[in-house]
Number of protein chains: 2
Amino acid sequence: MPMEIERKFLLVGDGWKAGVVETRRLRDGLLARFGEGKVRVRHGGDRAWITVKGPRDGISRAEFEYEIPLTEADEIFALCDMPHVEKVRHIVPYGGLTWAIDIHQGALSGIEFAEVELEHPDQPIPMPPWAGEEVTHDLRYRKATLLEHNAALLRTKS
Amino acid sequence: MPMEIERKFLLVGDGWKAGVVETRRLRDGLLARFGEGKVRVRHGGDRAWITVKGPRDGISRAEFEYEIPLTEADEIFALCDMPHVEKVRHIVPYGGLTWAIDIHQGALSGIEFAEVELEHPDQPIPMPPWAGEEVTHDLRYRKATLLEHNAALLRTKS
C-alpha cells in the first residue's frame with residue numbers, strides 16, 4: 001500500500017532560501033472526508049491529481065494519488081465546499097532528505113511550514129538549522145484546524 | 001464537464017435475457033460523501049476506477065471517472081465504511097440505446113433494475129417491453145436508502 005510518512009516543523013529564519021532547487025505553486029481542495037480519511041484535488045504547475053488519504057497511524061497514512069486532466073480538476077475544485085489552500089512550495093534537499101517549505105497564500109496567508117517525507121516512521125532526520133519546533137502531532141497545525149481558525153494562531157506567533 | 005444522465009426502471013419479467021450481449025460482475029464501494037456528491041471505488045472484470053459524482057440536477061450529474069490499479073482499488077475498498085454493493089450487470093441494446101440490467105448480490109440481493117444512460121435529459125426512450133415502472137426520482141430506490149433498509153423494501157415487492 002502506498003504510504004505517506006511525514007513530519008512537520010515550524011521554520012526558524014530564512015536560511016532555507018539558499019538551498020531551494022525547485023519552486024512550484026500548489027492549489028489544494030478538500031473534496032470529501034470519510035472517517036479519519038479524506039479525498040483531495042490538487043493542482044501544481046501544469047498537472048493535477050486526485051488524492052485519497054486513509055486514517056493516520058502515527059506519522060503514517062495510506063495515500064493514493066491519481067493524475068487527472070487539468071480541466072476536470074478545475075471542475076472538481078468547484079465541487080469543494082471548503083476554501084482552497086494555495087501555497088508556494090520550495091524544494092530544499094538537506095542531509096540526504098528532501099524538504100518541502102510551504103508558504104501559504106490566500107485563506108492561510110502568513111503560515112509557513114517545513115515538511116519532510118520519510119521512508120520509515122523511525123527514520124533519523126539530519127536537522128537543518130532552519131527547522132524549529134516539531135508540530136507533526138500538534139492538532140492546532142492541521143490544515144482543517146488552521147482553516148477554521150482563519151490563520152489567526154500562527155500570525156500571532158510570527 | 002463529463003455528465004452522467006440516467007433513468008432507472010423496475011423490471012417486468014425476464015424478456016431482457018434474450019438480448020444480453022455482455023455480462024460483467026461489478027463491485028461498488030462508497031468511500032465518501034460531500035454535500036450531495038460522493039466518491040466511489042468500483043471494480044469490474046480486471047479493471048478498477050475511482051469515481052467522483054457531483055450533486056444531482058434532475059436526472060443529470062457531473063461524473064468523473066479515473067482508472068486505478070486493481071491492487072490499490074482493493075486497498076481503497078478496505079477504507080469504505082458502508083458495505084460494498086455487488087451486482088451482475090447485463091448489457092442489453094434496445095432501440096438504439098444501451099441498457100444495463102443490474103442484478104444485485106450480497107447486501108442488496110434480490111434487487112433488480114434496468115438503467116439507461118442518455119446523451120440529453122429530454123432524449124426520447126424507445127421503451128423495451130421488460131422495462132416497467134420508472135423509479136429515477138424515487139428516493140426509496142437510491143442505493144444508500146436501499147442499503148439502509150437492508151433490501152427489505154423490494155423483497156416484499158417481488
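Throughout, protein chains are lettered first and strands after them, A, B, ... in sequence-line order, and every chain is numbered starting at 1.
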Inset, instruction - Starting at CG of B/Leu108, measure out to CZ of B/Phe113 and round the result to the nearest 0.5 Å. - result: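 Going from CG on B/Leu108 over to CZ on B/Phe113, the span is 8.5 Å.
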Legend entry - Greatest number of heavy atom pairs closer than 4.5 Å to chain A - which of B/Leu31, B/Asp74, B/Leu79: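 The residue among B/Leu31, B/Asp74, B/Leu79 with the greatest pair count is B/Leu31.
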Inset, instruction - Run the numbers on B/Glu63 and B/Arg40 for salt bridge (Lys or Arg N to Asp or Glu O under 4.0 Å), then give the verdict. - result: CA-CA 11 Å; B/Glu63 184 184 57; B/Arg40 295 193 156 277; over 6 Å; no
Inset, instruction - Count the heavy-atom pairs under 4.5 Å between each of A/Asp81, A/Ile76, A/Val52 and chain B, then report the option with the highest count. - result: A/Ile76
Inset, instruction - Below 4.5 Å from any heavy atom of chain B, which atoms of A/Leu30 appear? Answer side chain, backbone, both or neither. - result: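 Interface part for A/Leu30: neither.
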Inset, instruction - Report the residues that fulfil ring-ring contact (aromatic ring centres under 6.0 Å, His included) with A/His90, sequence neighbours left out, ordered by chain and then residue number. - result: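 Expected list: A/Trp16.
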Legend entry - CA sep, side-chain torsions, deciding dist, call: A/Arg27, A/Glu86, salt bridge (Lys or Arg N to Asp or Glu O under 4.0 Å): CA-CA 5 Å; A/Arg27 188 156 60 111; A/Glu86 297 190 48; 5.4 Å; no
